[in-house]
Amino acid sequence: MLLRKKLIAGNWKMNKTSADAVSLVKEIVAAVGKVHDVEVVVCPPFTCLESVARMLEGSALKLGAQNMHPEPGGAYTGEVSAAMLRALFASYVILGHSERRTYFKETDAFINQKVLAALKSQLKPILCVGETLQERESGATLKVVQTQVEQDLDGVGKDLATNVVIAYEPVWAIGTGRVATTEQAQEVHAFIRSLLTKLFGETLAQKVRILYGGSMKPANAPELLAQKDIDGGLIGGASLESRSFLELINAAAAVR
Ligand code: PEP
């Protein structure tokens, strides 16, 4: 038996109205009924969570959000809390995405608060880490990823470690069509697993899923997903259309 069930998560970003979301998710649910070896998560915008949650009832698909605020409630205009997401049956939440780090100036300290708040509310964080092109070219990739992983997971107890999913997303590969080579990706994934071993011990680290994200497409997925430490994908562009998303799910299911 595989130690880690493959996970394919779609990050729809700021795309789809509620009506568009319902028709996309209907197509995915109809096809995913036949796939059992892969965990599938869709992460629509907040405005579609409720309508998508209804479509997912009775299916194996899981719902995720794209962000949340660490506080349980209060005067935080425009924000939503972990409890609000749980009330809509979300099980996952993407945290620390590079677009939030860049455009909304999210720091590792703030992302860490969100990770802890999500876990406290039984939401599984999909924590995104990754280097910029400049950082890769200057040889700083592993250092950058180490700082993000260590700071973002600060204070996470061993009891909740396996609820965390890490997504390695090289910033230069997101939405650019430029994918990391399998060697580049596997190197960083193995490094992240070694950091998890230091934090949580070998047994737990072997159970944590580490996804690759950054221009993953049906054409490049089989090779990436076959790598020892790549346990699935966080998919942006290719998750907005059922055909490509389903091909990615099938590619994950085909890995033995
Ligand atoms: C992402 O934004 O998480 C992502 C991986 O996007 P894309 O697949 O479009 O590169």
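Reckoned from all heavy atoms, side chains included, excluding hydrogens, waters and symmetry mates. First listed ligand is number 1; within each ligand, the first listed atom is number 1. Since the model is a prediction, treat every value here as computed from it, not as a measurement.
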Item to check | Near-ring test Y103/H97, centroid separation under 6.0 angstrom | outcome: no

Which atoms of ligand 1 are found less than 4.0 Å from any heavy atom of [X]?
X    : answer
S215 : 7 (P), 8 (O), 10 (O)
K13  : 1 (C), 2 (O), 6 (O)
G214 : 5 (C), 10 (O)

Distance-only N or O hit between ligand 1 and [X], under 3.5 Å:
X    : result
G175 : yes
G237 : yes
T176 : no
L234 : no

Item to check | Enclosure of F89 CZ (heavy-atom neighbours >12, cutoff 6.0 Å) | outcome: no

Checklist entry - Within a radius of less than 6.0 Å around CD of E223, do more than 12 heavy atoms belonging to other residues, nucleotides or ligands occur? => result no

Next on the checklist: So if I apply the side chain to side chain donor-acceptor pair (under 3.5 Å) rule between K114 and each of E106, H69, E71, which one comes out positive?
Outcome noted: E106

Is there a path of hydrophobic side-chain contacts, each under 4.5 Å between heavy atoms of I, L, V, M, F, W or Y residues, that connects [X] with [Y]?
X    : Y    : answer
V208 : L142 : yes
L211 : L153 : no
W12  : M216 : yes
V41  : Y168 : no

Nearest to [atom], what protein heavy atom do you find, and at what distance?
atom                   : value
atom 1 (C) of ligand 1 : H97 NE2, 3.2 Å
atom 8 (O) of ligand 1 : G236 N, 2.9 Å
atom 3 (O) of ligand 1 : E169 OE2, 2.7 Å

Item to check | Contact check, K217 vs ligand 1, heavy-atom distance below 4.0 Å | outcome: no

Checklist entry - Would you call A238 a ligand 1 contact, heavy-atom distance under 4.0 Å? => result no

Checklist entry - Under 3.5 Å, is there a donor-acceptor pair between the E131 and W172 side chains? => result yes

Next on the checklist: Below a 4.0 angstrom heavy-atom separation, can you tell me which part of I174, side chain or backbone, both or neither, approaches ligand 1?
Outcome noted: both

Next on the checklist: Under 4.0 Å, heavy-atom basis, I'd like to know which part of A173 is in contact with ligand 1: side chain, backbone, both or neither.
Outcome noted: backbone

